[in-house]
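Working notes for the structure below.
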Amino acid sequence: MTVIMPAEKLYRAYKVSGWVALLLFLCGFAALVDGLITEMRLGPNRLDVLPASTLPLSGPIPIKDATKEDFAVEGSSSSNEVEIKLDDFFSSYWFGSGMWRGQLVVGEKPGIGDYFFIVRFRGAPEKSAQFYHVAVWENATAMRKASFSFVMRTFGVSPFWTAGFIIPLGLIAGFINFIFGRIWVKNLNKSGIAEVFKVVRPKGAEKIEVAFGLGAEHGMQIGQEFMIFQPYGSFIGQGQVELLEPKYSAVMLPANCNKVTSGCVAIPADYTGLQKEEK
């Protein structure tokens, strides 16, 4: 036995938007995890650059009243095609502590490979040294193919930018899914039908409790017969209302009704406004 219910197209939109939201969330969080793992593998001071490029740098000043003469950089390319240059000092935005600002400058014809730099301040303890690993790549394609990030290798975009774009789309799709669900349930309620929102299966019990969103304020009564169907699908079981609250009711079904889940629909057994079809 099947049942024809109202708002079938709305239900399809509700389900599809839910799957879309879930897919977007999974993709967004996968991209975020990909980015975090990549950062862990690279380390905080790994810099991947191309020839003829400039990258801003900054770091803490470990001594008081530092001057530019206290700033020193160890390590450079033999031709000075890859070097760190100091611009100025400034106060950090959050705590006001001293910071230095500079640039990693890569010339037009650097040697392709790895370079290691150490930034020190005169008179500062050894542990305050700041280390930088600079990897110079021949071109953007080579840098992309060597990336530790799956998203970067596959799509050529930052995994963090990808997550920042996809996750808000998932939130929008989730909100649309919520709206579709509310409208669909209201359409059901107008026809005397309700969505099942809870199924309780006590261990070893002979019956299961099925709760749905029609209660005393909708005219439901103890002992009233209800049929449980899959949405726009087949008949699952039938039982009587044994729990009645103002906004919801619960019927008891035989324990062998394994197909009943939240999201199924409950229909009064004496409801005559629906058209039933025999398979």
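Counting from 1, the numbers follow the sequence of the chain as shown. In this text the structure is predicted, and so the values were computed from the model without any measurement.
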> Side-chain donor-acceptor pair under 3.5 Å between Q238 and E225, yes or no?
Replying inline: yes
- Starting from the C-alpha separation in whole Å, work towards a yes-or-no answer on ring-ring contact (aromatic ring centres under 6.0 Å, His included) for F212 and Y248. CA-CA 6 Å; F212 52 89; Y248 71 92; 8.9 Å; no
The remaining residues in the hydrophobic cluster of L42, counting side-chain heavy-atom contacts under 4.5 Å among Ile, Leu, Val, Met, Phe, Trp and Tyr, are F148
Open item on the list: Less than 3.5 Å apart, any donor N or O on the side chain of W100 or Q130 sitting next to an acceptor on the other?
Closed with: yes
query: Quick one: do E74 and R120 make a salt bridge, cutoff under 4.0 Å?
result: yes
State whether E217 and K247 are salt-bridged, where the test is any N-O pair (Lys NZ or Arg NE/NH1/NH2 against Asp/Glu carboxylate O) under 4.0 Å. yes
>> Assess the residue pair Y11 and Y232 against the criterion (ring-ring contact (aromatic ring centres under 6.0 Å, His included)); give the C-alpha distance rounded to whole Å, side-chain angles, the decisive distance to 0.1 Å, and a yes or no.
In response: CA-CA 9 Å; Y11 174 75; Y232 306 96; 5.1 Å; yes
Note: A31 and P159 closest approach over all heavy atoms is O-CB, 3.3 Å
D88/R101 ion pair, N-O < 4.0 Å: yes
Backbone of L50 reached by a side-chain donor or acceptor of S53 within 3.5 Å:
yes
Sorted by chain and number, sequence neighbours left out, side-chain contact (heavy atoms from CB on, under 4.5 Å) with E138 holds for I112
Item to check | Parallel, tilted or perpendicular, as decided by the 30° and 60° cut-offs, for the rings of F71 and F121 | outcome: perpendicular
**OP:** Using a strict 4.0 Å threshold on nitrogen-to-oxygen distance, state whether E83 and K85 make a salt bridge.
**Re:** yes
